[in-house]
Participant: 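One structure is given below, represented as C-alpha cells, and several questions about it will come after.
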Amino acid sequence: MFAQRCSRFFIVKPVVPSASYLNRASRTFSTTGAKSYETILTETPKPNVGLVTLNRPKALNALSSTLIAELNDALNRYEEDKDIGAIVITGSEKAFAAGADIKEMEPLTFSSAYAQNFIAPWSHLANAVRKPVIAAVSGYALGGGCELALMCDMLHCTSSATFGQPEIKLGVIPGAGASQRLTRAIGKSRAMEIVLTGNNFSGKNAGEWGLASQVVDGGKDELLEKSIATAAKISSYSRIAVLAGKEVVNKSQELPLKEGVEYERRLFHSLFGTKDQKIGMKAFSEKKKPEWSHE
Ligand code: CAA
C-alpha cells in the first residue's frame, strides 16, 4: 500500500553524508534526469519520514551489491534532507530480505572477497547514518537480512516473521555482524545456538527476547503503520536531541558503564547550548507546544 505511493524519486549520484544538514536549506530534487532505483523504492509516507522498501521480489529481496549501493545512496539522501527526521526500512509481506545474494557470492574466492572488502559497504547503515532508522520486518529476515535489521536502531516485526542465520548450512558463517550484534541483543547461549544450528526463530521470539521493540500480530500493512507512526513521533522532536539520544544509546554498546555514563552526561550538558533546550523547557513552563528550531 505505502510502496505504491512513491512520492519522491532521487537522482542516483553519490552523496557524502555530512553533519551540516541541519542548517542547510531544504534540498530541491530535480525531476530532470531523475531515475527510480532498480532494487529499492523510496517514498515519504509522512512529511518527515523517509521510507525505503527493499524491492527484489523474485529473489526475496536478496541483498545484492547493487541493492546495498542503492540503499546507501537513499540513506545518504535522507541524511542530507533536513525535512526527514527518521527513516524506516522494510521489505515485502513475504521477505524483509532472505540474506546476502548467494548467487552473487558463489563464485567469490578468498582473494576477491578480501581485495574488494566484500560486505564492508553494508556497514554504512550502522556507521554513517546518524538519523534513527527502524527496521520493519515481515516474512523472512535470514542471514544478511537479519543482520541488516540488527544494524537498524529499532526493530519492529510481525509475530510471524522468520529470523535466522542459516549461513552454517552454506558452509560459511555470518559476515555482516550477527555474531556480535545478535549476541549482544539476545545473549551468548541463544546466539550461539542460532549461528551453529541455523535454526530460525519467530517474530514472537524476537519480542520475548528483547530483539524487537514492537511485535505486531497483523500483516505488513499494520506493521508499517506502527513503524511509520513511531518514526513520525521521533521526527516531531528536536532533531539535535534525537541525534544525541541515538548517539548515547549506541555508546552503551561500546563503552564500559562508567565511561558511558560520563559520555552521556557530557552530551546532556552540551544540549544546554542549543536553542531547542530553551524552546522545550520554556514551552513546558508556559504549557505550550514547543516549536523546535532544530538548532
Ligand atoms: N540469494 C539469492 N537468491 C535467493 C536467496 C538468496 N539469499 N534467497 C532466495 N533466493 C531466490 C531463490 O533462489 C529463488 O529464485 P529462483 O526462483 O530463481 O529459483 C527465489 O528467491 C525464491 O526462493 P525460493 O523458491 O527458495 O522460495 P521459498 O519460499 O521456497 O523459500 C527461503 C524461501 C526459505 C527463504 C529460501 O529461499 C532460502 O532458504 N533462501 C536462502 C536463505 C539463506 O541461506 N540466507 C543466507 C544467505 S548467506 C548470507 O546472508 C551471508 C551473510 O552473512 C552476509
Side-chain angles (χ1 to χ4, degrees), residues 37-41 52-72 75 89-129 133 135-152 155 157-186 188 190-206 211 219-220 223:
Y37 292 107
E38 194 188 313
T39 60
I40 61 171
L41 300 169
V52 179
T53 303
L54 310 179
N55 187 38
R56 289 187 75 203
K58 288 187 182 149
L60 300 183
N61 294 333
L63 301 164
S64 62
S65 302
T66 301
L67 188 148
I68 294 296
E70 291 189 344
L71 174 64
N72 289 346
L75 291 171
I89 301 179
T90 195
S92 68
E93 184 88 39
K94 180 167 179 182
F96 177 74
D101 190 316
I102 298 169
K103 292 160 193 171
E104 192 179 273
M105 281 188 293
E106 193 190 336
L108 287 180
T109 61
F110 164 73
S111 50
S112 64
Y114 184 67
Q116 68 182 265
N117 207 3
F118 180 62
I119 297 280
W122 295 40
S123 299
H124 184 79
L125 168 58
N127 296 342
V129 180
V133 183
V137 176
S138 166
Y140 293 111
L142 300 178
C146 186
E147 292 170 302
L148 190 74
L150 289 167
M151 284 181 212
C152 295
L155 201 163
C157 62
T158 60
S159 53
S160 61
T162 303
F163 294 89
Q165 297 296 151
E167 291 89 345
I168 200 80
K169 299 176 188 172
L170 299 167
V172 291
I173 60 169
S179 64
Q180 310 303 301
R181 293 195 180 92
L182 193 63
T183 306
R184 281 171 168 76
I186 65 175
K188 179 186 159 185
R190 277 188 185 128
M192 191 69 88
E193 188 158 329
I194 286 159
V195 169
L196 297 188
T197 65
N199 288 346
N200 294 336
F201 60 99
S202 68
K204 186 168 175 290
N205 292 145
L211 187 65
K220 191 195 150 190
L223 169 71

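This structure is a prediction, so every number in the text was calculated from the model and none was measured. In each ligand, atom 1 is the first atom listed, and ligand 1 is the first ligand listed.
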Participant: Do the side chain of Arg56 and the main chain of Ala62 share a donor and acceptor less than 3.5 angstrom apart?
Facilitator: yes
Participant: With heavy-atom distances below 4.5 Å as the criterion, would you say the side chains of Phe118 and Glu104 are in contact?
Facilitator: yes
Participant: Between Asn72 and Pro121, is any pair of side-chain heavy atoms under 4.5 Å apart?
Facilitator: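 Yes, at least one pair of side-chain atoms sits under 4.5 Å.
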Participant: Between Gln165 (side chain only) and Ala178 (backbone N and O only), is there a donor and an acceptor less than 3.5 Å apart?
Facilitator: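 Absent.
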Participant: Does ligand 1 have any N/O atom under 3.5 Å from a protein N/O, and what are those pairs and their distances?
Facilitator:
residue	atom	partner	partner atom	Å
ligand 1	1 (N)	Ala100	O	3.4
ligand 1	1 (N)	Ile102	N	2.9
ligand 1	7 (N)	Ala98	O	2.9
ligand 1	7 (N)	Ala100	O	2.9
ligand 1	13 (O)	Lys103	NZ	2.8
ligand 1	15 (O)	Lys103	NZ	3.4
ligand 1	21 (O)	Lys58	O	3.3
ligand 1	29 (O)	Lys94	NZ	2.8
ligand 1	45 (N)	Ala98	O	3.0
ligand 1	50 (O)	Ala100	N	2.8
ligand 1	50 (O)	Gly144	N	2.8
ligand 1	53 (O)	Glu147	OE1	2.8
ligand 1	53 (O)	Glu167	OE2	2.7
ligand 1	53 (O)	Gly175	N	2.9

Participant: Does the side chain of Glu38 pick up a donor-acceptor pair with the side chain of Thr66 at under 3.5 Å?
Facilitator: no
Participant: Out of curiosity, Lys94 NZ to Asn61 CG, how far, rounded to the nearest 0.5 Å?
Facilitator: 11.0 Å
